[in-house]
Amino acid sequence: MDKLVIYGPTRLKGEVTISGAKNAAVAILPATLLVNGISIIENIPNISDVKLSCTILEKLGAKVNWIANNKVEIDTRNITSSNTPLDITSKFRASYYLVGSLLGRCGSAEVGLPGGCNLGARPIDQHIKGFESLGAKVEVSQGKITAKAKKLVGTSIYMDIVSVGATINVMLASVLAEGTTTIDNAAKEPHIVDVANFLNTMGADIRGAGTDVIKINGVKELKGNYTYSVVPDQIEAGTFMLAAIASRGDIVIKNCIPEHLDCITAKIFEIGGNVEDLGDSIHVWTNKRPGRAIVKTLPYPGFPTDMQPQIGVALSIADGTSIINESIWESRFQYTAELNKMGAHITAQGKSAVFEGVKNLTGAPVYATDLRAGAALIIAGIIANGETHLYNLDHIDRGYENIEDKFRSLGAKIQRVSE
Ligand code: EPZ
């Protein structure tokens, strides 16, 4: 089992280039099943969730050819199955996109229930509501989702809750349906826009992605044979923004889209940091202790839940007492127990946590409890006095490409060692 050994404190300084967005890539890969042709995808992050998605595509009959480290060619002209085994799909959350894309392509899907970060209950009722509204019969039993439809017919669907996954999954199921589908109360995250842009590049007719009403006019076929570049990862960029603030450093974050980061920028100004929009990069710096804040996580364009642990680290050493309200997930404060091992004073209760800022953290052995918690604990190890050993790196490797190399290039004293 590998671990990261981190010595602190270090003030991070320099430039870092952001990879393609994990949450766009893990939806675009299954979306290639809707294409009766070849899809070439660039700027795809080299992370384990992407590799797993490609393995599943190959098991379904697709040909996957890595042209370069972050560029892959996927030939989905010959799909031989619509069944995916539970042992793979249960390893990550995005496997549920296979239902929407196989339903759209073949009219049937049998997919093991998804796994993913342990953030509490992660229901899929809105996905099922969408598929059934389009005319599919859906059953969840024996650990898998089975969906069948003689014909998918476009309709209007009102999401009871703003859901990234359900919005994308209904979009996937409706691009080849007969007629028009309208998704009301749709999620608006940048990765949703990216999936819609990919599908439109391949011949779909989707309008309104990024707003809360998305219209999909069904088309006969997606021909493909185009190249698509995945959007830069909003959450990875945000992770390095908060690393600059927590470490009192100075970082230029390259290959990002600053307007996707507006909510994070606003919070950084609020706690006394500096941010400068450089067009396709963003400059973040401070030389003082962060101030306190009240943070509420919300669907985009609100403060992202996937940035909650990272800002939690900055607030754990802030000058004053802060509160975080986590409105999306039931159980996303597990990381606070790990920060308390490092000397933080955090009290988490249900969907809220109170952070009494301390002057410094001290290094300790800590465990990543999920993907973003893992990234946050790297930042904690970098700013702490002394040595931190961080375990459970599988969580981090699911969603961050070469994370320790990127932090090391900013001056962090960090090594991956095998236990
Ligand atoms: C996506 O998860 C992301 N994962 C998550 O990122 C992210 O935290 C989340 O969106 C919110 O932004 C991927 O894109 C692979 P949701 P998803 O459906 O789609 C409830 C990371 O760190 N809900 O938007 O599963 C749900 O319980 C990961 O990259 C229903 O009630 O999230 C939650 O409270 C962690 N019924 C809320 O909606 C449903 O059918 C938002 O969930 C679906 C969701």
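Both counts, for ligands and for their atoms, begin at 1 and track the order of listing.
Relative to the ring axis of W329, R122 places its NZ or CZ within 45° and under 6.0 Å from the centre.
N43 and N70 are not linked by any side-chain donor-acceptor pair at a separation below 3.5 angstrom, with hydrogens and angles left out of the test.
Using a 30° and 60° split on the angle between ring planes, Y96 and H127 fall in the tilted class, from 30° to 60°. Aromatic ring orientation, Y228 versus F198: perpendicular (interplanar angle above 60°, classes split at 30° and 60°).
For F333, the ring pair (Phe, Tyr, Trp, His ring centres under 6.0 Å) criterion is met by no residue, not counting sequence neighbours.
Between the side chain of N185 and the backbone N or O of M159 there is at least one donor-acceptor pair closer than 3.5 Å.
Protein residues are said to neighbour a ligand when one of their heavy atoms lies under 4.0 Å from it; for ligand 1 these are K22, N23, R93, Y96, L119, A121, R122, P123, I124, D125, Q126, H127, I161, V162, S163, V164, G165, T305, D306, I328, W329, R332, L371, R372.
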